[in-house]
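Residue numbering restarts at 1 for every chain, and letters A, B, ... go by the order of the sequence lines.
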Amino acid sequence: MPELPEVETVRRGLEPAMAGARFEAVETRRPDLRFPLPERMAERLTGRRVEALGRRAKYLLADLDNGEVLVMHLGMSGSFRVEERDESRTPGAFTRALAHDHVVFAMSSGALVTYNDPRRFGFMALIPRSELATHPLMRHIGVEPLGNELDGAVLAQAFAGRSTSLKAALMDQRLIAGLGNIYVCEALHRSGLSPLRAAGTLATRAGKPTARATRLAEDIRAVLQEAVAAGGSSLRDHAQTNGELGYFQHTFRVYDREGEPCLRGGCGGTVRRITQNGRSTFYCPRCQR
DNA sequence: ACACGGACCTGAAGGC
DNA sequence: TGCCTTCAGGTCCGTG
């Protein structure tokens, strides 16, 4: 499920269940996801209080009252669901677990929070807060695209001197945090930029970011904000913690629309699918240059 | 620097 | 009905 809008949707769904609440019981139903779960994770979490639930790039960050952070990544197929606890459904006596339910948190808020991940590309880690910024997982993460930091100048700087494609540059988490295959395709279409164009062509000119870079920064922010407002995109999985589908997928202009007409007014082009860096790229060759 | 293939996993969908 | 291939929202690693 997870690009920035989906992860942010999950964060908002988990916040009332987890922020300010304690882990009363934790069940790990297998020892590993993509990586082994943290040593004695259940023990170490039990009794801890979540001070805040944050997000950085595609990582969920539960700040704990002992100075550690529970870092959670959803991989390709991870999801959380939040249910009301009842006596028959506490961890350790979880009689109605679904396939691929791997970790269960029983919170003092009365919520039962279950992590489900069929492909197990997700992972969890416990890291001291003081080491988070320099931890290998976080150290090289680029600018957050929501908020005010991302603008044409930042983009132009990030792209300077890069011969790699715009698609690859935008997918690179070291430059901009949280974009993935869908939203890169969508942002580039909004900006009328070819995913094949060299990133360096948007770099600073004469000390100022190009108009294209400024436009792209605005379109990235817009598409992400709209997607968050829609509760993310739901393709094969549920994005939201209450089981409801996000609906931004109905707004895709190019993603997964190979062979269909370009939705830019007056363009008349046809959406193409190509492969870049091993991933499908959808774009309109007519209006994206 | 960068492209590419492969790795990690499961499941859905399509072709035959 | 099956069996096979391909593809999927992510990231990491090795090899050119």
Side-chain angles (χ1 to χ4, degrees), chain A residues 1-11 29-37 55-60 71-80 98-102 115-125 135-142 145 158-188 195-201 203 223-224 227-228 230-241 245-252 254-259 273-282:
Chain A
M1 312 180 337
E3 296 183 43
L4 187 154
E6 290 73 42
V7 178
E8 179 59 24
T9 297
V10 170
R11 192 197 68 75
R29 307 187 73 247
R30 57 175 300 136
D32 60 315
L33 297 170
R34 177 174 178 184
F35 309 120
L37 289 168
R55 178 190 59 75
R56 173 79 172 110
K58 301 171 190 169
Y59 295 93
L60 291 164
V71 178
M72 298 170 280
H73 195 287
L74 302 172
M76 286 281 260
S77 60
S79 64
F80 280 96
L98 304 179
H100 310 301
D101 282 353
H102 303 312
Y115 179 69
N116 182 286
D117 188 355
R119 295 175 74 180
R120 301 202 312 277
F121 288 171
F123 58 89
M124 296 188 185
H135 192 277
L137 288 174
M138 298 283 158
R139 192 167 38 189
H140 299 298
I141 301 279
F159 290 161
R162 296 198 176 246
S163 58
T164 193
S165 68
L166 270 182
K167 171 80 183 310
L170 291 177
M171 293 284 285
D172 187 340
Q173 303 297 297
R174 294 171 301 184
L175 302 183
I176 302 176
L179 291 175
N181 209 33
I182 292 176
Y183 297 104
V184 167
C185 292
E186 293 297 312
L188 287 172
L196 299 162
R197 171 192 275 267
T201 63
V223 73
L224 294 176
V228 169
S233 303
S234 302
L235 299 186
R236 294 147 197 77
D237 301 298
H238 296 266
Q240 306 199 41
T241 55
L245 299 175
Y247 52 87
F248 191 76
Q249 66 276 14
H250 304 301
T251 313
F252 291 166
V254 284
Y255 186 81
D256 208 20
R257 295 192 61 248
E258 181 182 17
R273 178 166 80 116
I274 60 173
T275 299
Q276 288 179 288
N277 304 83
R279 312 292 300 276
S280 286
T281 296
F282 298 89

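- Regarding contacts with the backbone of C:dG10, a side-chain N or O of A:K58 is found under 4.0 angstrom from either OP1 or OP2.
- For A:R162, there are no side-chain hydrogen bond (donor to acceptor under 3.5 Å, both in side chains) partners at least two apart in sequence or on another chain.
- Using atom P as the reference point in both B:dG5 and C:dT6, the two lie 14 Å apart (nearest Å).
- Between the CG atom of A:L4 and the P atom of C:dG10 there is a distance of 11 Å, given to the nearest Å.
- When DNA chain B is scanned in the 5' to 3' direction for atoms under 4.0 Å from non-hydrogen atoms of chain A, the outermost contacting nucleotides are B:dC2 to B:dG11.
- As rounded to whole Å, 10 Å separates atom P of C:dG10 from atom CZ of A:R119.
- Taking atom CD1 on A:I141 and atom P on C:dG10, their separation rounds to 13 Å, with Å as the unit.
- In this structure, A:H73 and A:F123 have parallel ring planes: the angle between them is below the 30° cut-off, well short of the 60° mark.
- As judged by a 4.0 angstrom heavy-atom cut-off over every strand, A:R120 is placed among residues touching the sugar-phosphate backbone only.
- In this pair, A:F252 and A:Y183 present their aromatic rings perpendicular. The plane angle is above 60°, beyond the 30 to 60° band.
- Whole-Å rounding puts the A:Y183 OH to C:dG9 P distance at 12 Å.
- C:dT11 atom P lies 15 Å from atom NE2 of A:H140, rounded to whole Å.
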Please convert DNA chain B into dot-bracket. A pair counts if it is Watson-Crick or G-U wobble with both distances under 3.5 Å; crossing pairs go in [ ] and bases paired with another strand get |. .|||||||.|||||||
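- Look at CZ on A:F121: it is 15 Å from P on C:dC13, rounded to the nearest Å.
- Within 6.0 Å of the CZ atom in A:R174, the count of heavy atoms belonging to other residues, nucleotides or ligands does not exceed 12.
- Between A:R279 and C:dG10 there is a side-chain N or O to OP1 or OP2 distance below 4.0 Å.
- Look at CZ on A:F282: it is 10 Å from C1' on C:dA8, rounded to the nearest Å.
- A:L235 places its CG atom 8 Å from the P atom of C:dG9, with the value rounded to the nearest Å.
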